[in-house]
Novice: 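Sharing a structure here in structure tokens format.
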Protein chains: 4
Amino acid sequence: MTTDSLPASRAERRKQELRREIIETAFDCFAERGYHATAIADIAARLGIGHGTFYRYFQNKRDIVDHVITDLIERVVASLAAENAPEAVSSLAEYRAQAERIGDALGRIFGSDPRIARFLLLEAAGIDAEMRERVLEFQSTAAQLTAGYLHHGVQVGYLHSDLDVDATARAINGMIIAAVLAALCDPVPTSQERMSAAIRRLMYDGIAPRA
Amino acid sequence: MTTDSLPASRAERRKQELRREIIETAFDCFAERGYHATAIADIAARLGIGHGTFYRYFQNKRDIVDHVITDLIERVVASLAAENAPEAVSSLAEYRAQAERIGDALGRIFGSDPRIARFLLLEAAGIDAEMRERVLEFQSTAAQLTAGYLHHGVQVGYLHSDLDVDATARAINGMIIAAVLAALCDPVPTSQERMSAAIRRLMYDGIAPRA
Amino acid sequence: MTTDSLPASRAERRKQELRREIIETAFDCFAERGYHATAIADIAARLGIGHGTFYRYFQNKRDIVDHVITDLIERVVASLAAENAPEAVSSLAEYRAQAERIGDALGRIFGSDPRIARFLLLEAAGIDAEMRERVLEFQSTAAQLTAGYLHHGVQVGYLHSDLDVDATARAINGMIIAAVLAALCDPVPTSQERMSAAIRRLMYDGIAPRA
Amino acid sequence: MTTDSLPASRAERRKQELRREIIETAFDCFAERGYHATAIADIAARLGIGHGTFYRYFQNKRDIVDHVITDLIERVVASLAAENAPEAVSSLAEYRAQAERIGDALGRIFGSDPRIARFLLLEAAGIDAEMRERVLEFQSTAAQLTAGYLHHGVQVGYLHSDLDVDATARAINGMIIAAVLAALCDPVPTSQERMSAAIRRLMYDGIAPRA
DNA sequence: TATGAATGAGTCTTCATTCAT
DNA sequence: CATGAATGAAGACTCATTCAT
């Protein structure tokens, strides 16, 4: 009678809880053994539920991995959405600060659990054609997000007026993914910082002294 | 011992030939239906051989995909090795020309068969942990290759003297992979050229006018 | 103790009502999808009750199909019982009239809902050995009923004095079942009438002119 | 080199043999426990083969029961086809003799193994809607066969000229099925003979003395 | 050497039934 | 008394791999 403001009964809440637990445990299993090597029974056993129970919450094995991916994408997107919007920026200095904040946020989310990047960027696409498409779509969406920031910069004038925002956005995201994957192989903060610096250097200075 | 200088008999040659055909057909199947959805019998049937024969050439299903990947990586590496070595370059202009040649070579190899990128960059990592490691190693190797070019540029002096060559190499490769994946989604020459131009712009100019 | 003369409370009546509804809905489901393809949950869902409730009214899945069959048999028997008893007949003409009335009654009951014949005569026997026995017993009972009519006719004298009443009864019922099944395949009134006429012809004239 | 006149190798023959054995064993199992209560593993175990082997010979469980039914129907049809054709008859006496031969043949086939009738006439229709349709079609085909005999009789003149051959054929077949089912319940030769006699009586004399 | 028949471990999935709420 | 969440037995089916021919 305190926080229970909604008509959601205790049973309903319990159900949502278990649903969430299944998604999380499924992610644990998939990340540990891979999607194909994971049996529904494994997930259920680790949760301590009957494997028939699983099917009360998800249609089938494909359904759960879809939800796992949705969950991961949402987590990443949420971490980005927390950062300022493109319009909040009006100079290159501010843009750099914002980009750094975004980079930090990504570092935090992917650094918090290396399995997120490993599963979302490396394994998911191998599940089946549909999932591969989802992963590519996710990257497209991310590119559009980045393009938004660039577009604003071009309009306000602190970025090259003739910048190809869409293609550049994809390229920048490619660097970010490279950084995330590099962190997977070499999870030392130093090398993460080096990647981050190298990307900034590329973005703002290029690799060569100018003529 | 006719034209055959080596003791490799005709039978031996035939064996190597079939081995190669199996690898190629396996790639066809994996690319079409995915690794897990492909049965050894599918590969054998498509080749018109008994599926018992398959096991005379490869240990098991895992073995063949390993060879398929090796083959793909070799094809990509070979296309790069054809380009001049880092030492052949002594100015930024020459570096840019060389980088463009390399980019063209990659465009040719990945453009010739979109399945190469799709399988090598998207699906392979989802097969199992070991394969994921191989894919990451491949990317590390590629980064070292790129780093070699950058390193030479720093030494000769046409690149920033304080460039973090390893991190920058990874970042550049990230952009290249992004371009290859973008070409998968949108295989129009125009957008491939746009990606290429955007990467060059980033590398040599950065995204913003300099102070 | 208002209008209820019996100690059956309103709750008790409600219970009987639901019991009946379950039987009817179960028949609907069985007839539509077959016994084995019907889940208890299907029946409950169609009725809008929880499937746990089902088990307050019937022991198990087998129990309900037994009641469904009992119900169908009762409906058929009731439709026959409404016709005159064997003793009410004292001449061949009256017998023929009575037989026609019985045939009409059967036509009405089976014609009213083709699922009755389909389930009772075709599907029920496939459920399990016990049910198969029940179906055969039902046919035996029906044969005895028919035999009763024939027996009376022999005794009174309007039927062949040496008629093998039991065997003939089974044969006649076989023709009736054939007619019912024919109506299933070809539910046109004309062909039903033709079957009916053909049976009468056989019973009273045989198929050939007499010597 | 002796009886092996066809290019059918020994392996091919062995395969056909096993195929046949599976059909027979499947029939054994279905007849004993019913279709739904029989697992593929049961059939395989009884045959002493791995259950994977089963699937080398038949698509799935449904496929095997289809073949079992086909086999049973063929056996029945073969037993009938052995009898003379309708055209071989030119008088009522010959017709009666032929009908008796057919009846004997049916008695032999169904009497040889009561499971044939039980499965074909009682259980098969309960498997699923498609099988029910097949059973009804089989009965229709049988009716057409019978109708052929009657039609000939009408044309030649030893049967009623205004006989409704199709409807009468269905009615006669109904009696035959009734006899077969009666034999299932009461497999004494005497009662089989009684059923047979009763049917003949009905067919040729009707049940009542003529006016 | 090539073959493909045989195998059975392994997985998903369904559903009748129970029982705590 | 009604409910529906939980359960796990059961079964269909696939496919990598082996091995006799």
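These numbers come from the heavy atoms of this one structure, side chains and all, not from hydrogens, waters or symmetry mates. Numbers restart at 1 for each chain; the letters A, B, ... are given by sequence-line order, proteins then strands.
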Novice: What is the distance, to the nearest angstrom, from the CD atom on D:Q16 to the P atom on E:dA5?
Specialist: 11 Å
Novice: Do the charged groups of B:D42 and B:R46 touch, with an N to O distance under 4.0 Å?
Specialist: no
Novice: So is C:K61 actually on top of C:F54's ring, under 6.0 Å and inside 45° of the axis?
Specialist: no
Novice: Verify side chain to side chain contact (heavy atoms under 4.5 Å, CB included) between B:I127 and B:F30, making sure each step is shown before the conclusion.
Specialist: CA-CA 11 Å; B:I127 290 172; B:F30 292 157; over 6 Å; no
Novice: Would you kindly give the NZ-to-P distance between D:K15 and F:dT21, to the nearest whole Å?
Specialist: 17 Å
Novice: Quick check: do D:I40 and D:Y55 have side-chain heavy atoms less than 4.5 Å from each other?
Specialist: yes
Novice: If you take any heavy atom closer than 4.0 Å to DNA chain F, which residues from residues 48-63 of chain B end up in contact?
Specialist: B:H51, B:Y55, B:N60, B:K61
Novice: Which residues within residues 26-44 of chain B lie with some heavy atom under 4.0 Å of an atom in DNA chain F?
Specialist: B:T38, B:A39, B:I40
Novice: What distance separates D:I23 CD1 from D:I43 CD1, expressed to the nearest 0.5 Å?
Specialist: 11.0 Å
Novice: Check the distance between E:dT1's C1' and B:R19's CZ and give it to me in whole angstrom.
Specialist: 16 Å
Novice: Has the side chain of B:T38 got a donor or acceptor atom that lies under 3.5 Å from a matching backbone atom of B:C29?
Specialist: yes
Novice: For D:R14 and F:dA20, give me the distance from atom CZ to atom C1', rounded to whole Å.
Specialist: 14 Å
Novice: Please report the distance, rounded to the nearest Å, between CD in D:E12 and C1' in E:dG4.
Specialist: 12 Å
Novice: Below 4.0 angstrom, N of the basic side chain to O of the carboxylate: do B:E17 and B:R14 qualify?
Specialist: yes
Novice: So does B:Y57 get a backbone contact from the side chain of B:R19, meaning a donor-acceptor N/O pair under 3.5 Å?
Specialist: yes
Novice: Under a cut-off of 3.5 Å for both distances of each Watson-Crick or G-U pair, what dot-bracket string does DNA chain E give, using [ ] for crossing pairs and | for inter-strand pairs?
Specialist: .||||||||||||||||||||
Novice: So, are D:R20 and D:E24 salt-bridged, with charged N and O less than 4.0 Å apart?
Specialist: yes
Novice: Determine whether the side chains of A:H67 and A:D71 contain a donor N or O and an acceptor N or O closer than 3.5 Å.
Specialist: no
Novice: Nearest 0.5 angstrom please: D:I49 CD1 to D:E21 CD, how far?
Specialist: 8.5 Å
